[in-house]
Each structure stands twice: as C-alpha cells, then as structure tokens.
Peer 1: 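Quick one: this structure, given as structure tokens, is what I'll be asking you about.
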Number of protein chains: 4
Amino acid sequence: MNVETPQKKPSRIQQRNRAKILDAALEVFAQHGYRGATLDQIAEASGLSKPNILYYFDGKEDIHVTLLGQLMDTWLDPMREIDPGGEPLEELLRYVRRKVEMSFEYPRESRLFANEILQGAPRIAPHLEADLKPLVDRTADLIDGWVGAGRLAPVDARHLIFSIWATTQHYADFEVQVRMLAEDDLRARAVAFLDLMYRRMLKP
Amino acid sequence: MNVETPQKKPSRIQQRNRAKILDAALEVFAQHGYRGATLDQIAEASGLSKPNILYYFDGKEDIHVTLLGQLMDTWLDPMREIDPGGEPLEELLRYVRRKVEMSFEYPRESRLFANEILQGAPRIAPHLEADLKPLVDRTADLIDGWVGAGRLAPVDARHLIFSIWATTQHYADFEVQVRMLAEDDLRARAVAFLDLMYRRMLKP
Amino acid sequence: MNVETPQKKPSRIQQRNRAKILDAALEVFAQHGYRGATLDQIAEASGLSKPNILYYFDGKEDIHVTLLGQLMDTWLDPMREIDPGGEPLEELLRYVRRKVEMSFEYPRESRLFANEILQGAPRIAPHLEADLKPLVDRTADLIDGWVGAGRLAPVDARHLIFSIWATTQHYADFEVQVRMLAEDDLRARAVAFLDLMYRRMLKP
Amino acid sequence: MNVETPQKKPSRIQQRNRAKILDAALEVFAQHGYRGATLDQIAEASGLSKPNILYYFDGKEDIHVTLLGQLMDTWLDPMREIDPGGEPLEELLRYVRRKVEMSFEYPRESRLFANEILQGAPRIAPHLEADLKPLVDRTADLIDGWVGAGRLAPVDARHLIFSIWATTQHYADFEVQVRMLAEDDLRARAVAFLDLMYRRMLKP
DNA sequence: AATGAATGAGGATTCATTCAT
DNA sequence: GATGAATGAATCCTCATTCAT
C-alpha cells in the first residue's frame, strides 16, 4: 500500500522522510539530470535506504514528477505577484529582482527546471500548458496594456518575459561558467546590472 | 590500432562515418545529456552498428569530448569577430544578432553545451579555462574601454556578456517552452527584440 | 553501500554467500586463470545470480584479490611453523611433508597461486614483497645457521626452498599430467619420495 | 583457401610470416594464457594485421595448437637423449642440467606448457598420451633397471622424473617469484644446486 | 516503517572472426 | 597476400525495482 493513497494524513515521520527524500533528490537531479541520477545517490544523500525510498515514492519518476510539481508552484509565484494596479516599471523591475534572487537562493530548483526543459519537457509539459501558459498570456496582456497606455516603452511582451527568465536563471543554470568568468560581488553586480538593463529598456 | 592515432590521414569512408556518428551523437547528447544518451541510440541514429561506432571512437566519452572540442571552436567565433576598431554599438549588436541566429541554426550545439555546463562542466572545464576565459577577459576589457571613452552607455561588461549569452541561447535551450508560449514569427521577433533591448541598453 | 565496508559484522547469510562465491571462484579461477574465468561461470558454480555476486563483491577483480589475500595467509603457515629450536633435518622434512599434503588437500589454491605467478603476479606482487620475502629471508638465514653449525649438509638455502616449493606444488599444478603418468598410491608415493630425497640431500 | 592445405610448399615469405606470428603468439600466450591472450596483442607483437594473421592460421586456437605441437617436439628431446648405455648417474645429471638450461633459455615455452597443463591440458592431452607417456614409461623402466642393477640409489623412477621437471621448470614458470627472492648468479646457483641435490639423491 | 538480499533489463566495451577490396 | 571496415557473441557491470522479513 502506498503512502500516496489519501486515506490517512501522513504522520510526522512520513512528512519528514518525504521531505528528506525530495531534498536529496533535488540535489541529485539538478546536478546529474534525470537519467544521470541514481536512486543510490538519492539514498546516500537522504540517509535512507533504497527500499525505504520506494516505500515513500512509487519510483524514480514519481520523485521527479513530485519535485517538478512542487517547483511549478513556487516558480511562478513572482510572476503572479506582479500587481496590475502597480506602477508598471517598478512592478517589472521588482519581478526581475525577485527572479534573480531566486536564482541565487534556489539554484538547484532552477537547474532541475532547466534540465527538464532541455530534454524536451517530457514530464512537465502538462504543467506548463496548464499553469504557465495562462499566466504568461495574462501577464503579456498586462504588459501590452501598459505599453498601449504609454506607461512602458514599446516592447514585445513575450520576448521581454523570455529575456527576464533567461538572464536571471542564467546565474543558476550556468553557475560554473559564470563563477569562472565573473569578478567579486557576483550577486550584487548581477542584481544591479539587470536593474539597469531593464530600466533603460522599459522606461517610457 | 585506433583510428584516432594521427598516423595516416583518414580515408573518405572514415571521414564520412565519423561525421555520421558525430551528427547522430550531437542529436542524442543534446536531447538526453551525457548519462541519458546510449550508444544504442547513437548507433540507431547514425545507421552504424554499435561495435562499428567503437571502431571509430574509443568510447562514449571520446565521442562526447570530440563533440565538445569541435563545438568550442565554432562557439566562440562570433565573439572573436567583434572588431575592436569598429563602431562599438554596432559591433555589439552584430554580436547579439550572430549569437541569436546561431541559436536558431544550431540549437543542438547550444543544448549540448548547456547540458555540459548544467552538470558542472565535468568534461569541458579545461577548454573553458583555456579558450573561453582569455577571450572573455579581452572582450570585457574592450567594452570597458569603449565605455570609458563614452562610446557606450556605462555597463558592467561581464554581466553584459552573460546577458547576451543567456538571452540568445535561451531560444535554443528552452525551445519547447518558448514555442509553447510565443506567437508566430518567433525568430524575427527574437532578433528584433534583442536588437531593441541592447540598443536601448547600450546607446551612449 | 558495499558489503565490504567493515561497518557491521556480516550476517549469517552474508557469510554463507560470500563463502559460496569464493569457493566457486576458487574453482573457476584455478582452472581458467583470471582472464579466462567469467562471472557467469562463478555464478553458475555458486548457485547465485550474477548481479547477486556483484552485490557481495565489487567486481571480478575484488573476488580474485580476496581469494589471493586469503590464500597468502594459509599458504605461508607451514614455513612459519618451522621451529628454529627443533632438530634441523626433522624440521625441514616436516615442512616438506606439510607442503606436499597441502598440494593434495588444496590443489585449487595451489593452482590459483601458480596461475597468478605465471602471469607475472600482477595482483599478488605486493603481498609477496610484504609477507613472503621477509619470511623467506628469515628461513634462509635459519638454514644457513644450521648448515654452518654442521647440523645439515651444505646447501644453498634459497634454492633448497625453491626446490621444495617446486616439487610439492607440482602434484597440484601439473595434476593432469602427473595422474596420466603415475602409478597407484600417488599421494603415498609422493610423500615417501620427497621424504627420501630431502633426507639424502640434507643429512649432515 | 587456407595455407595449411598441403598443395604447394610454402613460399619464403609465408614461412617468415608464420614464424613471426608464432613467435609473437608464444610471447603473448605464455604471459596471459590462452583466454587472456588476444589476437590484437599477437598482431601488435608480430607486426602483422589481424586479418593477415587469420590468413596464415585458421584462428586463435589454430595458432595455439600449432605452438603446442612444436613445443612437444623440442620439449621431450632432453629425455630422449638419455643414453641407456651411459653411466646412469651422469646420464641423469646431464638430463637435469639440460632441463634447467632450457628453463633459462626458453622460459616462454615452459610457461606456455605450464599454462596449458594448469588449465587441464584441454588442447595438449592427446599429444601427452601419444608422445609423452610412452617416453616416460620407457625412461622409468630404464631407471628401474639401473636401480635394480645397483647402479643408482633406490628411488621411485616416476616421482624422480616429476621432481626433475618440477625443480627445473620452476625457474621459468615462477620466474617473478624466484627473482624477487633469489640472490645474484641465479642461473649458476640453480645449476649447481640441482646437480648437488640429484647427485646426493642418486649416488648408489 | 524499514532494510538486507536479490534480480531482470539494460549498457559500455571487448574480441574472434568475416567481409570487401 | 594484405588490410580497412564491420559485426555477433560475449563479458563486466549498473540500476530501478522487487522480495522477504
């Protein structure tokens, strides 16, 4: 009988162990990708035995899917928090800042996501369609409205979004390369640079 | 006796088969990553038998390393072609355009590279140190000089470079997501958007 | 997590299975040599599946090294038991007798050792240097002392040792040839012959 | 069409290439055993290509069998040359000396033979029955006769022969061990030791 | 809830041999 | 005679998963 069956609410120890597994799996999947990760590595990193991991999850893929599901929730939060009633430039710059800070705070999540998209999103495509697409459509409309009202410089809303994702997540996804090439104060300089770039780009 | 040993020039058939293998491997590695790729897939995609592939290459890793080596050569070309004697804004905008066009022309190469960096650059780190770092140092100095001369708006040269890489390669590396969310004319819009963004960003 | 790591004492079933594997491997390695032996043969002979064998040992080489390590321990015992305070001729004749009896009792161990030495001792050379050499040095000194004291006929101590090894192990290592050519009572005749030979050789 | 078919006498070049292959194969088989040896190694050592080797021999086994067949011829020569009409002690001591010198001159042949016997003589058993057994029977009878006539000390003839083989071939078959433990002048000391041992053993 | 033991399905690689010229 | 190219059959090993307790 699997823990997932929602008959009883998970006990304290169950919740803790699931969390330990997911944290370990996040580390391993983010570094090695889905195929490159092994249950042994996750078992090692989580401190649980391999069969015990399979007591909490139906298998490797279940862990991965669970991680991606959790990820989508928090991943989209910054975009959801763009306030349609706020000052357009400040709202978008705040979004950029939150995104870049997430890259430095949660690089593993970013890499997990990047890995999944790179492989063609085989396991997360439904989530994207269901959650991401409507949100992006809505946000693009919002930006278009702002632009139409002359409150932002004219810009292709969707490509603006892509560019924000690209530039912010880059610090997590290409971290080894960035760290090899960057100077000190990486994080502060990144935040400042992106604020500057999007300010010049978007100021009406 | 291995084919790699540079004793004799490779025959016609050798060159053709090595090319077939590398092309197939590029496809497979770009999609599945190093660990996720199998020789069976490469054999299937190349039309050669698995042992025959191992007749031309020393093993899976040899194929991968060969691909990465080839990649670095062409990957850095656009940056090498920035002309220190040119008009700064136009030189950089040309660089952006070449980069984004490479993402649309050679998305597999971009994804191969992204995969390698995501996993911590285990096989390409030496190349990065040897080839990429000096080139970036030089280019950053060049940009700093242009900024100092007032020919470009003030900007952090290294983070500018990162942002160009991020925004251009994003179209290849996150292609499935981009195609799910973008409207028609993806390529033309991407080129136009990036030209606009970096023009506003860099105009002195 | 590997069974070899000496964190916990091996369970009953582990000890039994490791013993089964080592016994099967002794048979197979002794007959076919390291390269000629296959895990399939060991699996077949031990009654375990191939992956299960690799659950208990890190690989083919680990099994082989374990066998050789065990072997050295017992293999040198007879020489260690030569009593410096005993009657020289009787001590050496007892050593010869123990060695020839080991060849008849443990022919597989002898052949395993012979195989390893024949191939140049690639895996046992360190053991030889560490364990065998000091013991032989000591024994040769002992014999030299006995000869010097007139208690043994003059003899080259090291070549005496070689000859004892050669003649006794021959019954195990060249068993098929010996059995083809010998008459009945092989073992008794072998013991008697060697006793006679070394008695005539060594009597002062 | 294979070269072995005795339609034409082999050309000069054929003889030379077969000799090169057999010499290389002797080296390789003696060191690695039958299963451990590869055609690639033989090709490398002989300077011929792998397909070319298979032009001269029907396969790996054919090379091995050919080597063993050649070996038997020369291997038994010393025993054949024991002169029934000679002085018994001197005849046998001469046999010992020739055997030990062969071990130093042709260690590869000795090891090839030892390998084959160790593995149970799968390919040479017929030769042993046909060639070796009659010769040993005859020699044992000869020795028995000499003993009966009081011209040699009483001794078990067959075990005497075994001991001569064992002690002399030991210097080739266990060479790495012997060289690790022996002092200088290995060969001279070996000859002297064996002469001494068998003289004491056999003097009537 | 947990784990030691076991395995079937791959997966990279080796190797004797064959093919084609 | 000779060789570059190719391959089927192993062979060692990995790994997600299952079994038994």
Side-chain angles (χ1 to χ4, degrees), chain A residues 1 3 10-11 13-14 16-17 35-43 47-63, chain B residues 1 3 8 10-14 16-18 35-43 48-63, chain C residues 1 3 8 10-14 16-18 35-43 48-63, chain D residues 1 3 10-11 13-14 16-17 35-43 47-63:
Chain A
M1 193 187 319
V3 167
S11 74
I13 199 170
Q14 279 193 0
R16 189 156 44 86
N17 278 343
R35 290 284 306 271
T38 72
L39 282 186
D40 271 310
Q41 292 171 314
I42 298 173
L48 297 180
S49 73
K50 210 166 27 164
N52 204 15
I53 286 177
L54 294 170
Y55 173 80
Y56 288 104
F57 290 91
D58 275 346
K60 184 181 177 180
E61 176 152 9
D62 186 28
I63 303 175
Chain B
M1 198 183 319
V3 168
K8 298 192 172 183
S11 71
R12 189 66 45 84
I13 197 168
Q14 277 201 11
R16 186 157 44 87
N17 279 342
R18 281 182 67 93
R35 289 283 306 270
T38 71
L39 282 185
D40 271 312
Q41 293 172 314
I42 298 173
L48 299 179
S49 73
K50 205 164 30 164
N52 202 16
I53 286 177
L54 294 168
Y55 173 75
Y56 288 103
F57 289 91
D58 277 346
K60 184 181 175 179
E61 177 152 9
D62 184 29
I63 302 175
Chain C
M1 196 183 321
V3 169
K8 298 192 172 181
S11 73
R12 190 67 43 84
I13 199 168
Q14 277 202 11
R16 187 158 44 88
N17 279 343
R18 281 182 66 93
R35 288 285 306 271
T38 71
L39 282 185
D40 270 312
Q41 293 171 315
I42 298 174
L48 298 179
S49 73
K50 205 167 23 166
N52 202 17
I53 285 177
L54 295 169
Y55 173 76
Y56 287 102
F57 290 91
D58 278 346
K60 185 181 174 179
E61 177 152 7
D62 184 28
I63 302 175
Chain D
M1 192 187 317
V3 168
S11 74
I13 199 169
Q14 280 193 0
R16 188 156 44 87
N17 278 342
R35 289 284 305 271
T38 72
L39 281 186
D40 272 311
Q41 292 171 315
I42 298 173
L48 298 181
S49 72
K50 210 164 29 162
N52 204 14
I53 286 176
L54 294 169
Y55 173 80
Y56 288 104
F57 290 92
D58 276 346
K60 184 181 177 180
E61 178 152 8
D62 184 28
I63 303 175

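Each chain gets a letter, A, B and so on, in the order its sequence line appears, and its residues count up from 1. Just the heavy atoms: all of them, side chains too, but no hydrogens, waters or symmetry mates, feed the values below.
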Peer 1: Between B:R18 (CZ) and F:dG4 (P), how many Å, whole number?
Peer 2: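 So the CZ-P distance, B:R18 to F:dG4, works out to 16 Å.
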Peer 1: Does a nitrogen or oxygen in the side chain of D:Q14 sit under 4.0 Å from OP1 or OP2 of F:dG1?
Peer 2: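 Indeed, a polar side-chain atom of D:Q14 lies that close.
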Peer 1: Starting the side chain at C-beta, find the nucleotide from E:dT17, F:dT17, E:dC19 nearest to A:L54.
Peer 2: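 Shortest atom-to-atom distance from the side chain points to F:dT17.
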Peer 1: Name the nucleic acid region contacted by C:I13, choosing base, sugar-phosphate or nothing; use a 4.0 angstrom heavy-atom cut-off, strictly under.
Peer 2: sugar-phosphate
Peer 1: With sugar-phosphate meaning primed atoms plus P, OP1 and OP2, does D:A43 contact a base, only sugar-phosphate, or nothing at under 4.0 Å between heavy atoms?
Peer 2: nothing
Peer 1: Report the distance from atom CD1 of D:I63 to atom P of E:dC15, rounded to the nearest whole Å.
Peer 2: 15 Å
Peer 1: State whether A:N52 places a side-chain N or O below 4.0 Å from either non-bridging phosphate oxygen (OP1 or OP2) of E:dT3.
Peer 2: yes
Peer 1: If you only use heavy atoms from C-beta on, which nucleotide in E:dG11, F:dA9, F:dA6 is closest to the side chain of B:Y56?
Peer 2: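 From the listed options, F:dA6 comes nearest.
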Peer 1: If you measure from CG on A:D62 to CD1 on A:I53, what distance do you get to the nearest 0.5 Å?
Peer 2: 12.0 Å
Peer 1: Under the side chain to side chain contact (heavy atoms under 4.5 Å, CB included) rule, what do C:K50 and C:T38 come out as? Steps first, then yes or no, please.
Peer 2: CA-CA 10 Å; C:K50 205 167 23 166; C:T38 71; over 6 Å; no
Peer 1: Out of F:dC13, F:dA16, F:dA2, which has the shortest distance to the side chain of A:L39?
Peer 2: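 Per side-chain heavy atoms of A:L39, the pick is F:dA16.
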Peer 1: A:P51 side chain: which of E:dC15, F:dC13, E:dA5 is closest?
Peer 2: E:dA5
Peer 1: Can you check the C:D62 CG to F:dT14 C1' distance for me, whole Å?
Peer 2: 16 Å
Peer 1: CD of B:E61 versus P of E:dG11: gap in Å, rounded?
Peer 2: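 Atom-to-atom, B:E61 to E:dG11, this comes out as 18 Å.
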Peer 1: Suppose we define a pair by two distances each less than 3.5 Å, Watson-Crick or G-U wobble; what does F:dT21 pair with here?
Peer 2: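 Base partner found: E:dA2.
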Peer 1: Under 4.0 Å between a side-chain N or O of B:S49 and OP1 or OP2 of F:dG8?
Peer 2: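 So the side chain of B:S49 is outside the cut-off, no N or O lying under 4.0 Å from OP1 or OP2 of F:dG8.
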Peer 1: What integer distance in Å separates C:I53:CD1 from F:dT11:P?
Peer 2: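 Nearest whole value for this atom pair: 14 Å.
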Peer 1: Nearest-Å distance, NZ (D:K60) to C1' (E:dT17)?
Peer 2: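 In whole Å, E:dT17 C1' lies 12 Å from D:K60 NZ.
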Peer 1: More 5' along DNA chain F: B:N17 or C:K50, using each one's nearest nucleotide?
Peer 2: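 Per heavy-atom nearest nucleotide, the more 5' residue is B:N17.
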Peer 1: In Å and rounded to the nearest 0.5 Å, what is the CG to CG distance from C:N17 to C:L48?
Peer 2: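 Spacing of CG (C:N17) from CG (C:L48) equals 5.0 Å.
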Peer 1: Hey, could you give me the CD/CD1 distance between B:E61 and B:I63, rounded to the nearest 0.5 Å?
Peer 2: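 B:E61 CD to B:I63 CD1: 11.0 Å, rounded to 0.5 Å.
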Peer 1: So if I apply the side chain to side chain contact (heavy atoms under 4.5 Å, CB included) rule between A:Y56 and each of A:D58, A:L54, A:N52, which one comes out positive?
Peer 2: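 That would be A:N52; it is the only one of A:D58, A:L54, A:N52 passing the side chain to side chain contact (heavy atoms under 4.5 Å, CB included) with A:Y56.
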Peer 1: Please report, rounded to the nearest Å, how far the C1' atom of E:dT7 is from the CG atom of C:L48.
Peer 2: 12 Å
Peer 1: Among E:dA6, F:dG1, F:dA16, which is the nearest nucleotide to the side chain of D:Y55?
Peer 2: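 For D:Y55, the side-chain atoms sit closest to F:dG1.
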Peer 1: Suppose we define a pair by two distances each less than 3.5 Å, Watson-Crick or G-U wobble; what does E:dG11 pair with here?
Peer 2: F:dC12
Peer 1: Can you give me the closest heavy-atom contact between B:K60 and B:R35, atom names plus distance?
Peer 2: NZ-O, 3.7 Å
Peer 1: Take atom CZ of C:R16 and atom C1' of E:dA6, then tell me their distance rounded to the nearest Å.
Peer 2: 13 Å
Peer 1: Hey, which sits more toward the 5' end of DNA chain E by its nearest nucleotide, D:T38 or B:G59?
Peer 2: B:G59
Peer 1: When you measure from the side-chain N and O atoms of C:R35 to the phosphate of E:dC15, is any distance below 4.0 Å, counting only OP1 and OP2?
Peer 2: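 Yes, within the criterion.
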